[in-house]
Amino acid sequence: MSETTHIHEHVTSVPHEAHHEVHHEHHHETFLTKYVFSQDHKTIAKQFLITGMFWAVLGGFFSVVFRLQLGFPDAKFPWLEDLLGEWARGGQLQPEAYYALVTMHGTVLVFFVLTAGLSGTFSNLLIPLQCGARDMASPFLNMLSYWFFFIASIVMLSSLFVQTGPFSGGWTAYPPLSALGQASPGSKVGMDLWLVSMALFVVSALLGGLNYIATVLNMRTKGMSMTRLPLTIWAFFFTAVLGVLSFPVLFSGFILLIFDRHFGTSFYLSDIYINGQALPNEGGSAILYQHLFWFLGHPEVYIILLPAMGMVSEILSVNSRKPIFGYMAMIGSLFAITILAFLVWAHHMFVTGLNPFLGAFFVLLTLLIAVPSAIKVFNWLTTIWRGNIRFTPAMMFAIGFVSLFISGGLTGIFLGNSALDIHLHDTYFVIAHFHIVMGVASMFGMFAGIYHWYPKMYGRYLNNTLGYVHFWITMVGAYLIFWPMHYTGLAGMPRRYYDYSIWESFKRFTDINQFISIVAIIVFLTQILFIFNFFYSIWKGRKVTTQNPWGANTLEWTTPINPGHGNWVGEIPEVHRWAYDYGKDGNEFISQTTPVGENESKDH
Amino acid sequence: MSAETYLIIAAALLVFIVIFQISKASEYVSVLKGEEKSKQQNNRINAFLMLGFMIIGFIGVWYCNHKMYKSTLFFHGSASVEGEKIDEMFMLTTAVTGLVFIITQFLLFFFAWKYQAKEGKKAFYFPHNNKLEVIWTVVPAIFLAVLVVFGLRFWFRITSDAPENALKVEITGKQFGWIMRYPGKDKTFGKRNFKAISDDKGNSLGQLWEDNAELKLKADKANFDDVVTTQTMYVVKGRPVHLIIMSRDVIHDVGLSHFRMKMDAVPGIPTTLWFTPRYTTKEMKEITGNPDFVYEISCDQMCGNGHYSMKGIIEVVTQEEFDVWMAKQKPSYYVANPDKEPKAPAADTTKVPTATAAVIKGK
């Protein structure tokens, strides 16, 4: 830890307000080491965030294009042909392009935006700052984690430009479709690039995750016991544990798939006759892949959701000026969700021919997750009850998160029950469920985090009014887009259909599809507004003038406004209490660094 | 790009700029007015909007249901006997979750509005309360236990063995269509092997019609009377149908939304499903008031670029109609090998059904 000692040496000679200029000259940082190959967790966090935002715009744009097809199946868009060429012959999106876009939308949003962009950003930013550490346990591995993600991004991006197109068999990539180039053009070289990209991504996730765990366990400042940690850190910690234990399983699934694709093995392949030819593979099981995939795939939804939960807990408490209600129950429910996340993967497979008796256990365990989820919701509600709520944009998104989490969580109770899943599986009901509970809710958590910690990241504020516009349009839009999908799903409308016009049962939903598409476009444009706000405010936003703009208790607000590498000038502060002493004994807030007073009430 | 496109882009840009300028101006105004004051104003507005969102949201939920309930399948009830249980389960789950939805969403937005920051007000320090936490652990657990018990009862009923008298039909998915097989008079499906599949020879399922030394396959005589059709499946009203589901290439899914059933078709691993149709297709046309009504089989598992067009039809008919239809079918073996067909004594050969064409070209 050479940085640490350097900074220490300096402490005696610099005034308290001094920040990074001091050790800037000390380190001889170049542009390259400061902004590109940086080992500062705060810079790496920004790298994750901005790369994630790039992917979010692209992934969102994919959805706009395929929503155009769903909403206006007969319309011609000449500009689409200008943009996509052969993919949109005559201004009409082709099926292969539709499926490629759907697949890329899913892959990109789930992994690149809501895993790397969310947990990558905020674990990096907040774990050292809120634990009281100068950096991650291994800043170098942390840097590698980002660069593996970056290379994964490049490979995935390159797959968009190969002649046979990117992978187009759905983000879950079930073989044999994903294993056989004969089955779909997207399963040719596009799938190889997809697999390589995902493998690199797994490496990135593991490097990051191990670092987060090591940092939380070993690098907390004096007095910061585990039960004094803010819930954000607990959430990031469990997220990392989930990732470290489940990503390798996905990796193994991918390795077998690569073998089946190129080395003549039959792990997943059996009894296949395709394009006038019987393949030699026998004895494999296509279902094996699904087990391996969902063993990550299900924890993955919690990898996405837990960081949002953690940040929302923190933001609700800070802006209600009240302690989070039931801190220990919140940790307990995070823990329960983490454990159960590993025991429910087969609820994605009720209709694969899974033994119904086995399925029954997965029903039970799946519905069990609703209990810790319910605890969290009621605790959040009690947190804002009798608070003194400040509606910062972050707080608005946090409240929006709770609303969406309730709405989407409740439909999970339908899908987790196999007797209903047999009707609802792979319909738009599922689309509505997971977009609300995992997609939009986690996005809301991410937005809340960005609005809340932006002052820490850039020393400036985002524009408030734009924040409110962003929130309200997105909130209303999210419900308008996904609520009607429950109904089309109940009518059996299958997901991943390019065109419904030949279906007597589904073609009557053209109008509603059109409505959804229009709202989706408006919501997408609103996100562009947010992106604009983000970059504009980096340089032009209102400057933060106080160290602790939200009046929060946690340690990141004890650092200078623009902290340098090493975070604190001088000693890392000592922690004397938990993170949630808001409104205690008539005090607005009591920072974690404040020693417990003699006459302070004993509660907690 | 057309002029229209440019116009749309220009309009969108304009809206952007207007919103941005207003936002920028509002920031200056807040500095002029004093930040505290503008914060309070923002707080009031947003707290009010929270309440408004809740009220309009609930009305929207009602309106959406009002407009769309009729187009869900629940409106006409399940077309299968087993599906009725699923509908019952659905209604029970909706009742429970609906109640939770209304209560929690109400509390969330009501609290947000009611406890907006006000000058001089202090938040209530309330870090935990064991009694409350136990209540909202136990109560959801009880509700969920009820849902699990009911759900599993129905689940085991649906997935139990098909009744003895069930009509057995084998359905095989392929890119992008369905092949049906009936066992014929011997009520036994002949053995098949994917290596014997030959669309050119009219053997789309790889039925073992003859010995093949090279592949070490033996003929199975049970095949000779098996009837193979494509796209349309005939089943009988009131008689359970037992589907044996296979795939020739990638994973497909037999999606029967009107019967509330669904099962994947996995290459190499046969799966099964059974249900009892309640209404004939003809009756269903009347019930739904749609003269074009058909029971559709939708492929519900992403299977390639033609996934959206992988459609099958189920014709539910009476036993008599079924018998008439079946009598017209010629076993696939004889369709593919007309020379092997025993000369039937003066059978009515003028009406050879066309549905038995065993070869279908991919889309």
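Chain naming here is simple, since letters A, B, ... match the order of the sequence lines and numbering starts at 1 in each.
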Which residues share a salt bridge (Lys or Arg N to Asp or Glu O under 4.0 Å) with Asp87(B), sequence neighbours left out: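 Partners of Asp87(B) by the salt bridge (Lys or Arg N to Asp or Glu O under 4.0 Å) criterion, ordered by chain and then number, come out as Arg260(B).
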Passes ring pair (Phe, Tyr, Trp, His ring centres under 6.0 Å), Phe532(A) versus Phe20(B)? Steps please. CA-CA 9 Å; Phe532(A) 180 78; Phe20(B) 173 66; 4.9 Å; yes
Is [X] in contact with chain B via its backbone, its side chain, both, or neither, using a 4.5 Å heavy-atom distance?
| X | value |
| --- | --- |
| Glu282(A) | side chain |
| Arg508(A) | side chain |
| Phe471(A) | side chain |
| Leu410(A) | both |
| Trp503(A) | both |
| Tyr580(A) | backbone |
| Phe378(A) | both |
| Tyr582(A) | backbone |

Examine distances only and state if a side-chain atom of Trp155(B) and a backbone atom of Pro356(A) form a donor-acceptor pair shorter than 3.5 Å.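 Yes, because the side chain of Trp155(B) sits within donor-acceptor range (under 3.5 Å) of the backbone of Pro356(A).
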Test item: Asn417(A) side-chain N/O and Leu147(B) main-chain N/O as donor-acceptor pair under 3.5 Å: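 Between the backbone of Leu147(B) and the side chain of Asn417(A) there is a qualifying donor-acceptor contact (under 3.5 Å).
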Taking side chain as everything from C-beta outward and backbone as N, CA, C, O, which of these in [X] sits under 4.5 Å from a heavy atom of chain A? Side chain, backbone, both or neither.
| X | answer |
| --- | --- |
| Phe110(B) | neither |
| Asn130(B) | neither |
| Phe150(B) | neither |
| Val266(B) | side chain |

Selection from Thr72(B), Val15(B), Asn43(B) maximising heavy-atom pairs under 4.5 Å formed with chain A: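 That would be Asn43(B).
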Top of Lys121(B), His307(B), Met310(B), Met89(B) for chain A proximity - count of heavy-atom pairs under 4.5 angstrom: His307(B)
Answer with yes or no whether the side chains of [Y] and [X] bring together a donor and an acceptor at under 3.5 Å.
| X | Y | result |
| --- | --- | --- |
| Gln175(B) | Ser184(A) | no |
| Gln105(B) | Ser403(A) | yes |
| Asn305(B) | Tyr498(A) | no |

Under the ring-ring contact (aromatic ring centres under 6.0 Å, His included) test, residues paired with Phe509(A) that sit two or more places apart: none
Which pair of non-hydrogen atoms, one from Ile389(A) and one from Phe111(B), has the smallest distance, and what is that distance? CD1-O, 3.8 Å
Can we say Lys311(B) and Glu504(A) salt-bridge, meaning some charged N sits less than 4.0 Å from an Asp/Glu carboxylate O?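 No, no charged N to carboxylate O under 4.0 Å.
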